[in-house]
2 protein chains.
Amino acid sequence: MISPPVLKPASLNCIDCPIKHRAVCAYCEKSEMAMLEMMKSYKTYPAGSPIIFAGDRMKFVGSVVTGVARLSQTMEDGRRQMVGLLLPSDFVGRPGRSYAAFDVEATTDVILCRFERKPFEKLLKDIPHLRERMLEMALDELDSAREWMLLLGRKTAREKIASLLIIIARRQNAVQDETHTDVQFDLSLTREAMSEYLGLTLETVSRQINALKKDNIIALEKKRRVVVKDFARLLSETGDDEDGGFLV
Amino acid sequence: MISPPVLKPASLNCIDCPIKHRAVCAYCEKSEMAMLEMMKSYKTYPAGSPIIFAGDRMKFVGSVVTGVARLSQTMEDGRRQMVGLLLPSDFVGRPGRSYAAFDVEATTDVILCRFERKPFEKLLKDIPHLRERMLEMALDELDSAREWMLLLGRKTAREKIASLLIIIARRQNAVQDETHTDVQFDLSLTREAMSEYLGLTLETVSRQINALKKDNIIALEKKRRVVVKDFARLLSETGDDEDGGFLV
DNA sequence: CAAATAACTTGACTTAGATCAAGGTCGTTT
DNA sequence: AAACGACCTTGATCTAAGTCAAGTTATTTG
């Protein structure tokens with residue numbers, strides 16, 4: 001069983017939804033009527049398929065309901081860097097812009113709750129609540145992009161891997177207690193996808209993951225499932241401040 | 001003479017200001033009266049001085065009027081990564097959050113137009129126009145953070161340097177014509193600051209800059225002034241798509 | 001269920017950039 | 001104008017991560 005993902009506080013999902021920890025689109029059940037009248041549709045993208053390419057015309061925006069998608073950028077010679085990891089409740093697309101700036105690709109099967117862009121933009125004008133949420137989401141994304149920049153610019157390969165594992169574990173609600181051992185979660189990313197996230201090669205990713213295994217910090221199971229055997233130790237391998245949480 | 005900086009389209013500055021290309025705070029001259037009633041003050045920070053440290057209580061938000069500031073993150077062992085370069089019109093601080101998430105430091109002398117955070121947050125609620133601008137600014141920042149991630153994760157040292165030079169040249173309005181030669185601008189950053197921006201060491205920065213000089217692509221003048229002798233060539237050294245501009 | 005394919009591991013070797021260590025320039029201070 | 005300090009350059013050496021090249025293990029498909 002896959003643990004339910006952590007919904008970001010300012011997501012579009014679950015705004016008024018009674019089911020607090022499942023990813024159901026905003027306004028699906030009740031609340032602002034206008035939203036209901038808008039063209040809204042769910043679409044499933046199979047694992048590995050493109051959702052949109054950089055430069056394509058963007059007809060919709062939306063949010064991830066289930067699955068994992070990624071936002072990435074490609075250089076002419078094929079070098080690729082992931083610039084966003086999209087988990088349930090994350091927003092896709094930029095209101096007010098008609099062309100995509102980045103590639104979006106489904107990593108696992110993805111269900112997207114889509115809104116036509118134009119009517120969504122109109123709603124954004126009309127519903128202050130929605131605009132506030134969008135601002136909060138953008139600022140949260142910006143903060144995590146900036147932490148990611150520290151990772152890319154300054155961390156060692158091992159620190160990068162440890163950081164990624166912890167980010168994914170946390171977003172999957174797998175971590176109840178930071179001192180807990182045997183935290184389990186689905187990685188859902190291939191070695192190549194991880195290397196694109198971390199600015200490494202897939203060989204380096206493989207070596208570092210196996211080094212963590214050899215040091216008895218994690219164990220690897222079938223189907224890209226990870227068991228963290230020593231969470232505190234994994235945390236200390238990230239290079240991050242121990243008490244990053246004191247910032248309210 | 002220093003060229004006037006490029007104001008981002010969605011900045012708080014110059015919203016209705018008749019002087020289009022000087023950095024004057026929003027509403028300084030006219031427009032929304034509420035803004036005038038708010039506690040607003042200008043403060044000058046000398047080059048090299050801290051504006052705020054990560055974790056400090058944030059009493060104000062504001063925007064850069066003149067000068068260059070930087071946003072950075074520090075690891076316990078002293079590794080530092082710049083995560084934002086703040087030029088005139090850029091916003092500092094996060095409304096709705098009481099503690100700073102990153103260090104902010106003046107690189108050159110900086111004049112900041114500051115607003116007390118609480119009343120600013122109230123204004124943000126009341127003036128839709130302002131909220132829209134904040135959203136636009138956040139999304140622009142997010143886009144540039146993501147491009148920066150590609151730079152940090154995948155570019156070579158030479159590509160990083162070329163990219164930085166072009167970003168700074170563009171933001172200073174120094175580039176009228178992309179094919180133009182003899183584009184001149186103030187770098188305003190020490191080798192160390194550049195190395196923190198690019199995820200390199202200062203020695204590597206120095207070597208790469210001198211390599212560009214040796215290849216007759218740039219020339220270095222007194223007072224950190226740079227002359228680009230072959231702009232097209234510099235552009236081609238960034239590794240970026242030639243025609244990134246087709247996205248409207 | 002076997003064959004095919006995709007994903008992962010591991011080893012040997014290379015290299016871009018880091019590190020360590022002097023010196024050299026420039027601008028400011030007395 | 002000498003002396004100081006901050007900034008920059010350059011060389012020699014080291015090393016973390018990249019590259020190339022087989023193999024091995026999972027997962028999917030016919």
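Labels below follow one simple rule: chain letters A, B, ... track the order of the sequence lines, proteins then strands, and each chain is numbered from 1. Everything numeric here is computed off the predicted structure, so don't read it as measured data.
Summarising the geometry, the separation between CZ on Arg158(A) and C1' on dT15(D) is reported as 17 Å, rounded to the nearest angstrom. Taking atom CG on Leu152(B) and atom C1' on dG17(C), their separation rounds to 15 Å, with Å as the unit. Atom CE of Met194(B) is separated from atom C1' of dC7(D) by 11 Å (rounded to the nearest Å). Regarding Ile161(A), its CD1 atom lies at a distance of 16 Å from the P atom of dA16(D), rounded to whole Å. In this structure, the CG atom of Leu220(B) is 7 Å from the P atom of dT9(D), given to the nearest Å. Nucleotide dA18(C) holds its P atom 7 Å from the NZ atom of Lys160(B), rounded to whole Å. One atom, CD of Gln208(B), and another, P of dG17(C), lie 7 Å apart when rounded to the nearest Å. The CD-P distance, from Glu192(B) to dC7(D), rounds to 8 Å in whole Å.
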Requested in this report: Go along nucleotides 18-30 of chain D 5' to 3' and tag each nucleotide: B for a protein heavy atom under 4.0 Å from its base, S when only backbone or sugar atoms are that close, - otherwise.
Outcome: SBB------S---

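Within the 3.5 Å criterion, the main-chain N or O of Ile217(A) finds no donor-acceptor partner in the side chain of Lys229(A). Here the side chain of Gln172(A) pairs a donor or acceptor atom with the backbone of Asp186(A) at under 3.5 angstrom. Using a distance-only test at 3.5 Å, with no hydrogens or angles considered, no donor-acceptor pair links the side chain of Thr107(B) to the main chain of Leu189(B). Formation of a donor-acceptor pair under 3.5 Å by the Arg70(A) side chain with backbone atoms of Met82(A) is not found in this model. Judged purely by atom type and a 3.5 angstrom limit, Asn210(A) has no side-chain atom pairing as donor or acceptor with the backbone of Arg207(A).
Axis angle, first five pairs versus last five pairs of the helix from dC1(C)-dG30(D) to dT30(C)-dA1(D): 40°, rounded to 10°.
For the pair Leu187(A) and Met194(A), the minimum side-chain heavy-atom distance is below 4.5 Å. Side-chain contact between Val228(A) and Gln184(A) is absent, with no heavy atoms from C-beta onward closer than 4.5 Å.
Residue contacts shown for Ser206(A) include a base, since a base heavy atom lies under 4.0 Å away.
Checked for salt-bridge contact, Lys155(A) and Asp240(A) meet the test: a charged N lies under 4.0 Å from a carboxylate O. A salt bridge does not link Glu196(B) to Arg191(B): none of the charged side-chain nitrogens sits closer than 4.0 Å to a carboxylate oxygen.
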